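Protein chains get the first letters and strands the later ones, always in sequence-line order, with residue 1 at the start of each. Worth knowing before you read on, the calculation uses all heavy atoms, side chains too, and leaves out hydrogens, waters and symmetry mates. What you see is a predicted model, and the numbers here were worked out from it, not measured in a lab.
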2 protein chains.
Amino acid sequence: MTSWRNHDDGKAGASSRTSGPRCGPPPARLERGRHNVVPLRDRKTPCAGCTLRARCLPGGLDGKAIPQFDALVGNQCRLRRGDVLFRAGSPFLALYAIRVGSLKTSIRAEDGREQVAGCHMIGEIIGLDGIATGSHTCNAVALEDSEACAVAFDRLEELMHAVPRLQRNVRQTLAREVSRNHGLMLLLGSMRAEERVAAYLVDLAERHRQRGCSASEFVLRMTREEIGSYLGLKLETVSRVFSRLQAEGLVQAQGRDIKLLDPPRLHRLLRGDAPPAAASDHGHPAAPIPIDSRIASV
Amino acid sequence: MTSWRNHDDGKAGASSRTSGPRCGPPPARLERGRHNVVPLRDRKTPCAGCTLRARCLPGGLDGKAIPQFDALVGNQCRLRRGDVLFRAGSPFLALYAIRVGSLKTSIRAEDGREQVAGCHMIGEIIGLDGIATGSHTCNAVALEDSEACAVAFDRLEELMHAVPRLQRNVRQTLAREVSRNHGLMLLLGSMRAEERVAAYLVDLAERHRQRGCSASEFVLRMTREEIGSYLGLKLETVSRVFSRLQAEGLVQAQGRDIKLLDPPRLHRLLRGDAPPAAASDHGHPAAPIPIDSRIASV
DNA sequence: CGTCAGGTTGATACGGGTCAACAACTGTGG
DNA sequence: CCACAGTTGTTGACCCGTATCAACCTGACG
């Protein structure tokens with residue numbers, strides 16, 4: 001609980017909507033099921049005063065670029081638990097910076113199977129998946145009451161031309177997503193249930209730590225079923241693993257309240273007392289020099 | 001065999017013992033072991049004359065931008081089977097466009113476990129993973145004799161400022177990677193062995209089709225072990241699934257030579273006669289537009 | 001010839017899925 | 001206040017799919 005919490009220092013005014021109803025794309029009206037997504041008419045926190053800025057898209061921008069960026073954040077949207085920020089298939093109009101709360105993203109196969117693809121916390125950018133096709137490929141749903149800033153992408157694109165640093169930030173955000181997915185693939189492809197859950201907890205702990213919150217004591221925002229979906233397990237298995245980890249004194253888990261009692265041992269569980277692993281690049285024993293470096297600067 | 005075939009109009013050494021409608025380039029039968037990578041000092045095919053251009057980074061560039069782009073492709077590198085194009089941890093200097101052949105990318109966990117993360121064919125761009133951190137996060141290894149164009153990234157970055165279309169192409173390439181990974185996650189997280197292998201075959205077929213090669217008859221470039229690693233299975237399981245699919249008349253598999261005998265049924269295997277699947281966005285019933293295909297493009 | 005990598009197939013073990021019962025908690029309405 | 005239903009989480013019993021271990025085949029190559 002540091003800075004992360006109160007960038008939301010204002011009261012909600014009303015009126016003065018700058019241009020179009022913008023929180024999410026204009027068509028971001030009540031997504032069925034739950035509550036209205038409420039675009040805050042007055043942006044309460046301009047980027048210049050936002051404590052998240054350093055980690056957000058405008059991170060590192062100089063003084064005069066920030067208001068320019070600020071101008072494309074049309075609205076902050078308020079979401080209640082279960083609200084859909086965007087949906088697979090809906091047109092890609094904006095990236096979203098999570099200002100408060102957390103969201104899950106999920107992808108759906110044709111046959112209806114759905115899988116949680118990501119669990120995103122405050123300060124993270126979501127919606128990137130839409131860049132390629134122009135429409136989103138996953139659903140984003142609030143796991144708790146949340147707020148997100150919608151950054152109009154067409155205008156962001158323009159601004160990127162003028163502000164290289166911004167372009168770099170966007171690209172890095174995309175690339176981080178690639179790299180995050182690598183980790184998830186490793187998890188889904190080769191870890192067993194206990195390792196997966198441990199990896200999940202360790203990851204959450206680290207992300208809390210980065211945000212200045214306790215890394216050893218936090219609240220899970222997803223149900224056992226969602227966690228299972230994310231980790232490629234069934235909910236019963238997730239539940240059992242929590243119980244087992246608790247029995248072994250590694251964690252204390254009461255529902256969604258989690259305490260990590262022995263982080264080092266949890267880490268060790270990951271690195272594998274597990275099987276040694278083989279796999280080779282076609283049988284190269286030692287490290288060949290990658291071609292890359294032989295071609296000096298191409 | 002359209003355009004995809006003869007960008008390699010030179011003689012690539014001696015090879016050429018092709019038979020049948022094979023897509024890959026020269027069959028490439030070489031032993032393992034690292035070879036010298038031969039950066040071709042003279043680029044043989046400037047982008048302007050490359051038949052892959054439309055699908056490559058300079059796709060859609062206008063006449064005068066193409067030579068500019070061309071200038072940053074310093075070299076084409078020639079790889080023999082098993083050669084490492086770049087390695088996790090090595091500095092990120094360039095993106096690579098695969099001009100001939102195919103490569104796998106693999107990621108490695110701290111404990112040494114390694115997993116194939118991608119299988120990339122002619123016309124695809126690899127190396128994107130390095131953008132975020134400045135160094136690569138995965139290894140790229142040639143699955144057969146191959147050639148790749150190295151595109152210096154620092155200079156590419158500069159050129160992107162001047163050429164918006166190029167910027168868009170790079171971003172789209174990155175985003176496609178995100179979307180590809182979504183598909184893979186779905187596979188690793190929720191499919192059973194038979195579905196995974198079927199998905200893999202269907203994906204390969206589609207990519208061959210896109211390249212103007214036979215979609216029903218092709219050669220696997222990875223060993224059973226690599227395929228298993230990619231799909232989160234053990235090699236024996238992969239082998240068994242091939243045998244079972246063959247017994248059911250869906251495919252004909254002799255080693256790495258694959259014929260799809262009944263593509264429709266193979267597709268059906270994917271859509272799931274399988275369990276109905278539940279999961280919901282917190283109770284939202286409505287069906288968004290489904291994700292394009294189960295495996296975006298794995 | 002022998003060796004080795006890659007592939008197939010069988011026997012068996014086990015992890016996690018499946019089905020089911022139940023507890024804790026929430027919100028609703030009488 | 002209570003009764004009731006719905007959601008979430010826990011736990012047990014059982015079974016299936018995949019991993020594991022092992023034998024063997026094939027083709028390439030020295």
Taking atom types as modelled, find out whether A:Gln115 and A:Ser229 have a side-chain donor-acceptor pair closer than 3.5 angstrom. no
With sequence neighbours excluded, what pairs up with A:Glu144 under the salt bridge (Lys or Arg N to Asp or Glu O under 4.0 Å) test? A:Arg221
Excluding sequence neighbours, so at least two apart, what forms salt bridge (Lys or Arg N to Asp or Glu O under 4.0 Å) with B:Glu206? B:Arg209
Return the value, rounded to whole Å, for the distance between atom NZ of B:Lys234 and atom P of C:dG6. 16 Å
May I ask you to list the residues of residues 238-262 of chain A, by number, that have any heavy atom positioned under 4.0 Å from an atom of DNA chain C? A:Arg240
Just list the side-chain donor-acceptor pairs under 3.5 Å for residues 234-241 of chain A, sequence neighbours left out, or say none.
none

Going by the rule side-chain contact (heavy atoms from CB on, under 4.5 Å), which residues pair with A:Asp257 if we only count those two or more places apart in sequence or in a different chain? A:Val219
Which nucleotide sits closest to the side chain of [X]: [options]?
{"X": "A:Leu233", "options": "D:dT20, C:dT8, C:dG17", "value": "C:dG17"}
{"X": "B:Thr223", "options": "C:dT9, C:dA20, C:dG7", "value": "C:dG7"}
{"X": "B:Arg224", "options": "D:dT8, D:dG9, C:dT8", "value": "C:dT8"}

Any side-chain N or O of B:Thr237 less than 4.0 Å from the OP1 or OP2 oxygen of D:dA19? yes
My understanding is that only residues two or more places apart in sequence, or in another chain, count here; which of them pass side chain to side chain donor-acceptor pair (under 3.5 Å) with B:Asp129? B:Thr137
Just call it for A:Gly228: base, sugar-phosphate, or nothing, with non-hydrogen atoms closer than 4.0 Å on any strand. nothing
